[in-house]
Protein chains: 2
Amino acid sequence: MHLFWEKGYGSTSVSDILKSADINSGSLYHYFPGKQDVLLAVLEDYQNGLGNMLLNPAWEGVTDPIERIFRLLDRYRRSIIETDCTYGCPIGSLALEIHEPDPVIREQLVNNFAGWVEAVEGCLREAGERLPATINRRELAQFVLTTMEGGVMLARTYRDVAQFDTGVRQLRMFFDRLLLEAATTSNNNQPAGQRHGEIS
Amino acid sequence: MHLFWEKGYGSTSVSDILKSADINSGSLYHYFPGKQDVLLAVLEDYQNGLGNMLLNPAWEGVTDPIERIFRLLDRYRRSIIETDCTYGCPIGSLALEIHEPDPVIREQLVNNFAGWVEAVEGCLREAGERLPATINRRELAQFVLTTMEGGVMLARTYRDVAQFDTGVRQLRMFFDRLLLEAATTSNNNQPAGQRHGEIS
DNA sequence: GTCTATACCCTGATAGAC
DNA sequence: GTCTATCAGGGTATAGAC
């Protein structure tokens, strides 16, 4: 997992894996038919670890669903900093590196993206009427993903977190306007006592 | 250029290039010190062709600066369709594929991104007071780039243009709100005769 | 400037003893 | 199940005739 993330799939040789795991060729090929199956196992691990490795740490002590989304993005920001701006989303990097992926690999990439989007979509649904009813929660969640992936890509290319921060800041502006819009509409249509959607 | 775009840098062998160009090894190495220098020349070509190959065709017959931005995005949509959803932005793909790029390569990647962003920034500046004064034009332009890159990545992974369309649709919603906001503010502060920023 | 032939290295994967 | 040794193939780059 670490090698694929750090060097990419193509640039990681089987012998790299053997050295890193301190095993011999025979052992690896006893458990895996080939290199690609190692990648598949790594992708499955990523998916299984989505909650424990990513979401839970990011959301610890944060209950506001909108804030949770930006905490998640901040998690990536920290990864960018910690890697001196060489961080790449493991899934996104693999998705772009592997030009003609085996169907089973592509399926796992999709599953990983889908799990991420669903988690964000859950936050948006939890936010309920704080967002305009006209906004499609699934699509907005996906938009958060594209912002993250694009920001990570630019930050690494420029070797500068500011590129990532810019994307997040623009996304925040979008959210601010959506929240304001919903709050205003709510003002007009509902008794004051039932209003939600105050903007932080 | 075509091979790097279609198969990626690492998966394109020098002999692939030789076959595709119908030349022999000696000829290539007479002009280029090595494979990496071919990549560098390709990146320079992309940058030099930004206007003629991408912007001019996308903007032909379109004068509205905001619409130009979405025409540019639509250009990518067409590329996605034409490639059966295997399209990848050549620059973005290379940026993510090459994990430890030579500084001169990375510089060229940055230049390409920067040129793209500057073009969009030009549109935003041309839009003038149709956008809120508080919005940073450069940062918003960069946000358009992240939307494009993220959308292209997802569309290819899912093999579905809808993933790209979703991103563009969300971006459009953001723009709609910015345009409305500027128009409303303009209403309050300016005589009616000077107003701009009608929303299409 | 272009040709052919090839050096040299590393790749993923395998064979068969233990 | 793990070991060592090795295979066949393709990688980039070079040499030297023409």
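Order of the sequence lines fixes the chain letters, A, B, ..., with proteins taken first and strands second; residue numbering starts at 1 for each chain.
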Using whole Å, what does the distance between atom [atom2] of nucleotide [N] and atom [atom1] of [X] come to?
X	N	atom1	atom2	answer
A/Asp37	C/dG12	CG	P	14 Å
B/His30	C/dC3	NE2	P	12 Å
A/Phe32	C/dA13	CZ	C1'	15 Å
B/Leu28	D/dT14	CG	P	12 Å
A/Leu3	C/dT11	CG	P	12 Å
A/Lys35	D/dG10	NZ	P	16 Å

For the residue pair B/Phe174 and A/Phe174, categorise the inter-ring angle as parallel (less than 30°), tilted (30 to 60°) or perpendicular (more than 60°).
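Tilted.
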Which nucleotide wins on minimum distance to the side chain of A/Ser27, given the candidates D/dG1, D/dC3, C/dG1?
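Among D/dG1, D/dC3, C/dG1, the one nearest the side chain of A/Ser27 is D/dC3.
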In this structure, which one of A/Asp102, A/Leu94, A/Thr12 forms a side chain to side chain contact (heavy atoms under 4.5 Å, CB included) with A/Leu39?
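Going through the options one by one, the only one that passes is A/Leu94.
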With a distance cut-off below 6.0 Å to the six-membered ring centre and an angular limit of 45° from the axis, does A/Lys35 pair with A/Tyr29 as a cation-pi contact?
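No, A/Lys35 does not lie over the aromatic ring of A/Tyr29.
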Measure from NZ or CZ of A/Arg156 to the centre of the six-membered ring of A/Tyr87 and say whether it is under 6.0 Å with the direction within 45° of the ring axis.
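No, A/Arg156 does not sit over the ring of A/Tyr87.
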Any chance the side chains of A/Ser27 and A/Asn24 put a donor and an acceptor closer than 3.5 Å?
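No, no side-chain donor-acceptor contact under 3.5 Å.
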Does either side chain, that of A/Gln142 or that of B/Gln163, offer a donor lying less than 3.5 Å from an acceptor on the other one?
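There is such a pair (donor and acceptor under 3.5 Å, judged by atom type) between the side chains of A/Gln142 and B/Gln163.
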May I ask you to evaluate whether B/Tyr29 reaches the phosphate of D/dA13, defined as a side-chain N or O under 4.0 Å from OP1 or OP2?
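Yes, such a contact exists.
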For residues 8-25 of chain A, which residues have at least one heavy atom under 4.0 Å from DNA chain C?
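Nucleic-acid contacts, sorted: A/Thr12, A/Ser13, A/Val14, A/Ser15, A/Ser25.
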